[in-house]
Number of protein chains: 2
Amino acid sequence: MKKIDILKKLRSSGLRPTKQRVEIAKFLFEREKTFHFTVESLNKLLTKKSISKIALATIYNTVHAFKAAGHLSEVEVRGNKTYFDTNVSNHHHFYDSETAELIDIDANDIIIQKIPKAPNGKKIKNVEVFINLKN
Amino acid sequence: MKKIDILKKLRSSGLRPTKQRVEIAKFLFEREKTFHFTVESLNKLLTKKSISKIALATIYNTVHAFKAAGHLSEVEVRGNKTYFDTNVSNHHHFYDSETAELIDIDANDIIIQKIPKAPNGKKIKNVEVFINLKN
DNA sequence: ATCTAGTTTATAATTGTTCTAAAGTGAAAA
DNA sequence: TTTTCACTTTAGAACAATTATAAACTAGAT
Ligand SMILES: [Mn+2]
Ligand SMILES: [Mn+2]
Ligand SMILES: [Zn+2]
Ligand SMILES: [Zn+2]
C-alpha cells in the first residue's frame with residue numbers, strides 16, 4: 001500500500017493526516033497479510049518500532065475512527081480484550097488459544113449447507129464461523 | 001431439575017452445597033430452556049429474586065467453578081462482558097445485537113459442507129457458528 | 001462441642017476502555 | 001507573515017468488568 005493510499009484512507013475517514021495517524025495507518029495497512037491486533041498489542045508494537053511515542057488515547061481514537069469508516073473490523077475472541085482486524089471483508093477465523101492467534105479463513109473456504117431460519121421477524125445479517133484449534 | 005440433582009451438581013464440582021451456591025445453582029439450572037447471562041445480569045436477577053443478598057465475588061467464584069466443572073460454558077459476544085451459557089453441549093447461536101440476546105441453535109441444525117484443514121500440526125477442537133441478526 | 005478447611009464478604013487492586021480538559025498544531029483568513 | 005480557530009494530541013482521571021485479599025463465618029468431621 002502506497003503512501004498516497006494511506007493519505008486517501010485517512011481523508012476518506014474524515015481524519016486529517018497528522019504525524020501520529022499516518023504512523024498508525026502505515027503500520028496497520030502497509031502489509032501483505034491480514035493483521036489481527038488488540039489496542040494493547042498495537043501500542044506495544046508501535047512503541048517498539050517508532051521514535052515518537054503515541055498516546056494510548058490517540059491509538060484508541062484512531063483505531064475507532066478506522067473501524068467506524070470501515071477500514072477495520074472487530075473480531076470476537078474469548079477474553080475481555082477487543083480484537084481488531086485489517087481484513088474487513090466477510091471471512092472466518094481459526095483461533096489458536098495456545099498462542100491467542102487468529103488466522104483468516106476465506107469466506108469461500110467454508111460452505112454451510114444447512115442453516116436455520118432467523119427467528120420471528122428477524123433477518124440474518126451475517127454468519128461468522130470460528131474454528132478453535134488444539135495441538 | 002430436582003433439588004437432589006442440584007446437590008449432585010455442586011458436589012460433582014467439588015463445591016460444598018452452601019446456601020449461596022444452592023441458590024445460584026437452582027436459579028441457573030432449574031429451568032427448561034438454556035439460560036445465557038453475564039455475571040452482571042445474573043447478579044441483578046438474583047438480587048431481585050432472593051431474600052438474601054449474595055456478594056458479587058461469590059457469584060463470580062461460583063460461576064467460574066461451574067464453568068471449570070463443565071456445567072457452564074462461555075460464549076463469545078462482541079463487547080467486553082463475558083457471557084455464560086447453561087447449555088454445555090456443542091451448539092451454535094443467533095445473536096440479536098438490538099436486544100443483546102443469544103438464541104441457541106442445535107448443532108444438528110447447521111451442516112457445514114466444506115471446511116479448510118487446520119494449519120501446520122494443529123487440529124480442530126470445535127467449530128462455532130455465530131449468526132448475527134438484524135431487523 | 002470443638003476444630004479446621006472451606007466459604008463468604010466487603011473492599012482493594014487490576015485491567016481494559018472511555019472521558020476530560022488543557023496544551024499543541026496547521027491550514028486558511030486577514 | 002501573523003492571526004485565528006477548529007481539529008488533535010496528550011496525561012491523567014473516570015469508569016466498568018474482573019480478580020485478589022484478608023478477615024469473619026460456616027459446614028461437616030472428629
Ligand atoms: Mn472479546
Ligand atoms: Mn466478549
Ligand atoms: Zn481476520
Ligand atoms: Zn447457547
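Chain A is the first sequence line, chain B the second, and so forth, proteins listed ahead of strands; every chain is numbered from 1.
- Spacing between atom CG of L46(A) and atom P of dT9(D) amounts to 13 Å, rounded to whole angstrom units.
- Taking for each of R16(B) and L56(B) the nucleotide of DNA chain D with the nearest heavy atom, the 5'-most of the two is the partner of L56(B).
- For the residue pair D85(B) / N87(B), no side-chain donor-acceptor distance below 3.5 Å is found, with atom types taken as modelled.
- Considering only side-chain N and O atoms, Y60(A) lies under 4.0 angstrom from the phosphate OP1 or OP2 of dT17(C).
- The distance between atom CD1 of I24(B) and atom C1' of dT7(C), rounded to the nearest whole Å, is 12 Å.
- The 5' end of DNA chain D is approached more closely, in terms of each residue's nearest nucleotide, by F84(B) than by the other of F84(B) and N61(B).
- We find that CG of L15(A) is positioned 16 Å from P of dG26(C), with the value rounded to whole Å.
- Listed pair Q20(A) / dT10(D) meets the phosphate criterion, a side-chain N or O lying under 4.0 Å from OP1 or OP2.
- Between the P atom of dA17(D) and the CZ atom of R78(B) lies a distance of 18 Å, rounded to the nearest Å.
- When rounded to the nearest whole Å, the span between NZ of K81(B) and P of dC15(D) equals 17 Å.
- Atom CG of N80(B) and atom P of dT19(D) are 13 Å apart (whole Å).
- Salt bridge present: R78(A) and E128(B) bring a charged side-chain N and a carboxylate O closer than 4.0 Å.
- With dG16(C), dT9(C), dT18(D) as the candidates, the nucleotide lying closest to the side chain of I54(B) is dT9(C).
- Considering only the side chain of K53(A), dA11(D) comes nearest among dT19(D), dT10(D), dA11(D).
- Here T18(B) lies in heavy-atom contact (under 4.0 Å) with sugar-phosphate atoms only.
- Among the nucleotides dT8(C), dT17(C), dA11(D), the one closest to any side-chain atom of R21(B) is dT8(C).
- Between H71(B) and K67(B) the shortest side-chain heavy-atom distance does not fall below 4.5 Å.
- Between K19(B) atom NZ and dG28(D) atom P the separation is 14 Å, expressed in whole Å.
- Side chain of H64(A), nearest nucleotide from dG16(C), dT18(C), dT9(C): dT18(C).
- Atom CD in E40(B) sits roughly 16 Å away from atom P in dC15(D) (whole-Å rounding).
- Both L45(B) and V39(B) sit in one connected hydrophobic cluster of ILVMFWY residues. Membership requires side-chain heavy atoms under 4.5 Å apart, directly or through other members.
- Among dG28(D), dT17(C), dT8(C), the nucleotide with an atom closest to any side-chain atom of V39(A) is dT17(C).
- Just one residue in the list F84(A), F35(A), F29(A), F27(A) forms a ring-ring contact (aromatic ring centres under 6.0 Å, His included) with F66(A), and that residue is F29(A).
- Residue T58(B) has no polar side-chain atom (N or O) positioned under 4.0 Å from OP1 or OP2 of dT7(C).
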